Amino acid sequence: MLLIPCPWCGPREDDEFTFGGEADIPRPADPAALTDEQWADYLFMRDNRRGHHREQWYHTAGCRRWFIVERDTVTNEILGASTYGDSQ
Amino acid sequence: MSQPFRLDHGGRIHRDAPLQFTFDGRPIDAFRGDTVASALLANGVSLVGRSLKYHRPRGIVSAGAEDPNAFVQLGHGARTLPNRLATVTPATPGLEVRHVNAWPSLDFDLMSAFGLAAPFIPAGFYYKTLMWPRRLWPLYEHFLRHAAGLGHAPNAPDPDRYDHVHAHCDVLVVGAGPAGLAAARAAAQTGARVIVADEQAEFGGGLLATAERVDALPAPQWADVAAAQLSSAPGVTVLPNTTAFGLYESNLVLLAERLHSDQPDNAGSESGARVWRVLPKQIVLASGAHERPLLFANNDRPGVLLAGAISTYLNRYAVAPGSRAVVFTNNDSAYRTALDLADAGVPVAAIADVRVDPDGNLPAQARAQGIPVHTGAVVVQAHGRGRVAAAELCSLDGAPLGTVECDLLGVSGGFAPALHLHAQASAPMTWNPEVAAFAPQPSHGIHPAGAVTGQLDLASVLRQGTAAGTAAAAAAGCSNGHTPAAPQAAETPTSDLKPYWLPPGELARTKPQFVDLHEDVTLDDLRLSLREGYESIEHVKRYTTLGMGPDQGKLANPLATGVIAELLGRDPATVGTPRHRPAYSPVSLGAIAGRHIGPLADPVRVTPMQEWHESAGAHFENVGQWRRAWYYPHPGESMHEAVARECLAVRNRVGILDYSTLGKIEITGPDAGEFLDRVYTNAWKRLRPGRCRYGLMLGEDGMIFDDGVTARLDDQRYLMFTSTSNAAPVLAWLEQWLQTEWTDLRVYLTSVSEHWSNIALAGPRSRDVLAAAGTDIPLARDDFPFMTFREGHVAGVPARVFRISFSGELSYEINVPADRARHVWEALLDAGRSFGITPYGTETMHVLRAEKGFIIVGQETDGSVTPDDVGLGRLLSRRKDFLGKRSLSRPDSARPDRKQLVGLLTDDPALVLPEGGHVVDAPGRRRPLPMRGHVTSSYFSPVLGRSIALAMVSGGRAALGERLYVATLHDDRWLPVRSCHPVFYDPEGARQHV
Ligand SMILES: [Zn+2]
């Protein structure tokens with residue numbers, strides 16, 4: 001069980017949330033200008049990082065906000081959480 | 001006296017409270033305070049089971065949860081419990097206890113023929129031998145099932161209820177031995193909220209079986225006082241009979257509390273249990289240590305016990321597990337057992353000590369008592385068939401030292417920390433050479449204390465426990481300025497342990513020497529595994545099944561680490577220990593399920609019309625969590641007949657469908673149109689208020705994700721319908737783009753799925769019914785045309801009415817507030833009676849849409865289907881970007897042999913194809929037969945009087961009319977079909993426009 005610190009609701013059990021994959025992958029501004037390789041890179045390639053990982057979570061059964069969680073993928077330790085407002 | 005091995009005095013049993021239970025039907029006399037195991041030993045029962053592979057006789061080895069042999073079955077019928085340990089089960093009046101692994105009986109075991117005929121089945125036997133020939137598998141399986149003794153399941157539904165308790169605390173103390181009690185006391189003194197759990201019925205652990213003193217009191221008495229103080233301390237929850245069996249991320253700890261029949265709140269039941277989900281701020285891990293067995297030939301004979309367990313039986317339960325003992329050790333602690341035995345009047349015929357020069361206090365005391373001590377000596381073989389009768393001693397260089405008669409052989413290879421919980425959480429551990437075992441390191445709010453750290457001296461353990469409790473409370477933010485003092489005990493100077501893994505020289509070849517008693521894994525099995533290249537401890541585990549029994553290898557794993565290291569000539573620190581997994585000891589499934597069973601297993605969602613459907617005799621189907629009316633059979637009607645009647649009613653007159661389960665999302669804000677343009681494949685900004693449009697939503701991979709109609713309610717407001725099962729994923733998807741990517745868009749999403757009920761009227765008379773029910777909305781064709789939306793009242797209730805159609809007929813979808821929906825539903829039925837209105841369910845809805853070739857996401861599509869694949873390429877805007885658009889220009893999306901939506905007509909019009917059936921070009925013997933596609937939807941169409949099917953067929957659209965075959969699974973037939981356009985009925989779409 002992960003105790004996920006929702007920036008709006010506080011720490012809640014992970015079954016209230018939906019995982020949304022690696023964070024910080026902006027959608028290309030002009031997809032039509034990309035080669036197939038570049039598009040596939042955006043679409044499929046992820047770092048699958050060992051250790052510190054920034055990832056998206058959605059508080060499905062709560063406030064319905066998406067936010068960023070920093071997690072150690074080895075220990076599953078949650079290192080912090082931030083809103084999209086914070087990071088922009 | 002019926003308990004020949006019961007001591008005349010001492011112990012913590014209540015001699016004034018005798019009781020009786022049965023073992024395999026035989027009455028066993030016991031006292032309150034006994035465990036099943038201590039009572040069996042008191043009665044001289046040494047055989048409690050037979051081993052898994054060889055059916056060798058096995059006895060009680062330990063006095064705790066680490067026992068590999070003492071698994072028994074409790075009770076009978078619906079309340080029976082398999083996999084219970086006699087060593088931790090309190091003896092209670094009338095308890096039924098049975099052995100689990102002998103057939104037909106414990107004393108006469110047919111399966112031990114296995115052991116006689118083929119003395120030892122090597123590891124990997126199952127993989128190598130039983131895999132082939134395959135046709136014999138049923139035979140093997142039958143045999144193995146019978147042989148594998150793991151008890152049996154209840155024969156009826158469990159009559160008991162199990163609760164889950166969700167609890168929070170500052171400090172959770174796992175284990176209430178000396179370290180745990182000291183820690184709990186210290187934490188409680190700082191004002192922390194404390195939960196302290198111990199798997200035994202009484203708190204105290206090792207304190208209950210030692211003659212040492214704590215704070216000037218006999219240790220058991222001190223434990224009683226400490227436990228009583230904790231029970232009455234504010235903010236402290238004490239949980240005896242409670243095993244911490246799992247440690248998860250965020251330090252969630254699961255506890256299984258066993259409620260036995262002598263507790264008033266669970267009278268008459270043995271199976272009651274509670275699972276606690278505890279989220280502590282800090283954990284003190286005081287789970288103790290397990291004594292390590294030693295290797296010698298026939299080390300599995302009943303009568304071979306861990307030395308510490310002998311002391312526990314003597315001191316705590318007043319039971320002498322034998323009448324003449326030999327002790328075999330590599331450390332000082334077993335000398336205490338020898339002294340305990342001597343005190344109890346059990347002669348100790350010899351102590352064999354691996355060490356050449358043990359110089360601690362305890363060896364000196366043993367010598368002073370005249371116990372024969374052989375140093376530099378080992379036991380190399382136990383003699384005796386049903387029970388140990390003698391121990392054969394050797395010096396370390398292999399020189400025989402004679403055979404000593406005994407019916408009790410106490411062994412001690414030192415104490416290995418019970419690090420299971422720590423290891424489950426992948427928390428760090430290091431090799432501790434003082435105990436020759438791995439020990440946990442403090443980490444992430446876990447404070448190990450006591451024997452689990454490798455510390456065995458009582459005075460030090462008490463200090464460590466106090467320090468851990470104080471530190472844990474402080475880390476949890478609890479402090480009242482009080483510095484708890486550690487309980488005091490005398491220090492006992494000890495001599496070092498000498499690791500001992502393998503018997504010297506050729507004596508290590510004597511057979512059999514068991515490493516894992518439960519799984520019957522021998523030293524030879526480990527050798528074979530290493531010889532075949534399986535050297536990693538995880539590979540050894542899988543090859544030999546080491547540690548894979550319900551005892552989780554508590555005794556076997558620490559021994560195996562050292563044995564493997566010595567066989568490989570490596571440092572045991574590099575060998576490691578296998579990954580531990582929950583549960584630490586068996587937990588009944590009922591306790592894990594708790595109340596989440598039957599109707600409470602999953603929430604059930606129903607519409608406001610549910611009671612009406614039930615009273616109308618509807619049959620229901622589950623769609624996700626929704627209960628949906630499937631069809632409404634008249635008395636005596638089959639499903640086929642009912643569906644045919646409902647279909648024809650819609651096509652010829654009018655039907656009414658409860659479609660409230662559709663997902664509904666309101667999209668508001670000045671940028672709502674722009675937002676829809678980005679998430680849908682077609683154009684939305686220029687859709688005029690009051691109009692509806694069908695939209696397709698793709699993933700970024702270009703594959704269809706959802707579809708449905710969206711209406712523009714007014715300038716800045718849209719209502720999106722999603723498929724029933726996709727309502728939540730679509731909302732999450734839309735929110736993700738809005739919140740993480742397009743944060744500049746002023747758009748707000750509101751789920752209104754349950755606020756608005758949706759009633760569909762469909763059929764040529766639906767306009768008449770709606771008019772008759774009473775509405776202020778003009779219904780004439782030109783006033784309210786197809787694909788528009790009007791707001792007004794229906795049957796006196798505010799309504800949003802959409803002229804959209806999922807049947808191809810003239811149709812109105814009437815959205816009304818959910819609390820008025822039942823009224824509107826009945827008003828429409830009343831108004832429709834004279835028009836022959838017919839309620840229809842989801843089955844008819846599916847037939848009608850299939851007749852029209854309308855896709856259902858998740859039925860025609862499967863996450864690998866593009867819009868063009870299902871013939872909806874016209875919905876792809878060229879003028880704008882949308883999610884997934886770029887993926888549609890990948891070469892793969894343009895392959896001519898992609899699977900495409902087609903219709904299939906069987907040669908035999910009465911034959912309904914199996915959904916999922918494989919479509920092939922021609923029958924043939926070749927395997928695998930090249931597959932052209934698969935049937936996605938298949939029904940009998942009443943209006944067409946024949947069967948119809950939709951299918952995804954490779955290159956199908958370019959070859960309409962081709963001859964194909966559909967394979968059946970069950971009877972190997974090939975059903976001839978012809979492909980066709982997927983719209984079977986009213987292809988020009990005239991009926992919905994009338
Ligand atoms: Zn939240």
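Residue numbers begin at 1 in each chain, while the letters A, B, ... track the order of the sequences. Keep in mind the model is a prediction, meaning the values are calculated, not measured. Computed from heavy atoms alone, side chains included, the values below leave out hydrogens, waters and symmetry copies.
The ring pair (Phe, Tyr, Trp, His ring centres under 6.0 Å) check on A/His59 picks up A/Phe17, with sequence neighbours excluded. Qualifying ring pair (Phe, Tyr, Trp, His ring centres under 6.0 Å) partners for B/His444, counting only residues two or more places apart in sequence or in other chains: none. Applying the salt bridge (Lys or Arg N to Asp or Glu O under 4.0 Å) rule to B/Asp671 yields the partners B/Arg746; only residues at least two apart in sequence or on another chain are considered.
Contact detail for B/Thr740 and A/Gln56: the closest heavy-atom pair is CG2-OE1, 3.6 Å. Scanning both residues, B/Ala732 and A/Trp66, for their nearest heavy atoms gives O-NE1, 3.2 Å. Across every non-hydrogen atom of B/Arg886 and A/Leu34, the tightest pair is NH2-O, 2.9 Å. In terms of heavy atoms, B/Glu249 sits closest to A/Asn76 at OE2-ND2, 2.7 Å. For A/Tyr58 against B/Glu735, the heavy-atom pair with the smallest separation is OH-CG, 3.8 Å.
Proximity to chain A (any heavy atom under 4.5 Å) is restricted, for B/Leu279, to the side chain, taken from C-beta onward. Both the backbone and the side chain of B/Ser887 come within contact range of chain A, each with at least one heavy atom under 4.5 Å from a heavy atom of that chain.
Top candidate by heavy-atom pairs under 4.5 Å with chain B, chosen from A/Asp14, A/Ile4, A/Leu2, A/Asp36, is A/Asp36. The residue among B/Lys885, B/Gln736, B/Arg890 with the most heavy atom pairs within less than 4.5 Å of chain A is B/Gln736.
Salt bridge present: B/Asp881 and A/Arg27 bring a charged side-chain N and a carboxylate O closer than 4.0 Å. A salt bridge links A/Glu13 to B/Arg277: one of the charged nitrogens lies within less than 4.0 Å of a carboxylate oxygen.
Proximity to chain B among residues 39-49 of chain A is limited to A/Trp39, A/Tyr42, A/Leu43, judged by heavy-atom separations below 4.5 angstrom.
Separation of atoms CD (A/Glu77) and OG (B/Ser250) is listed at 9.5 Å; rounding is to 0.5 Å.
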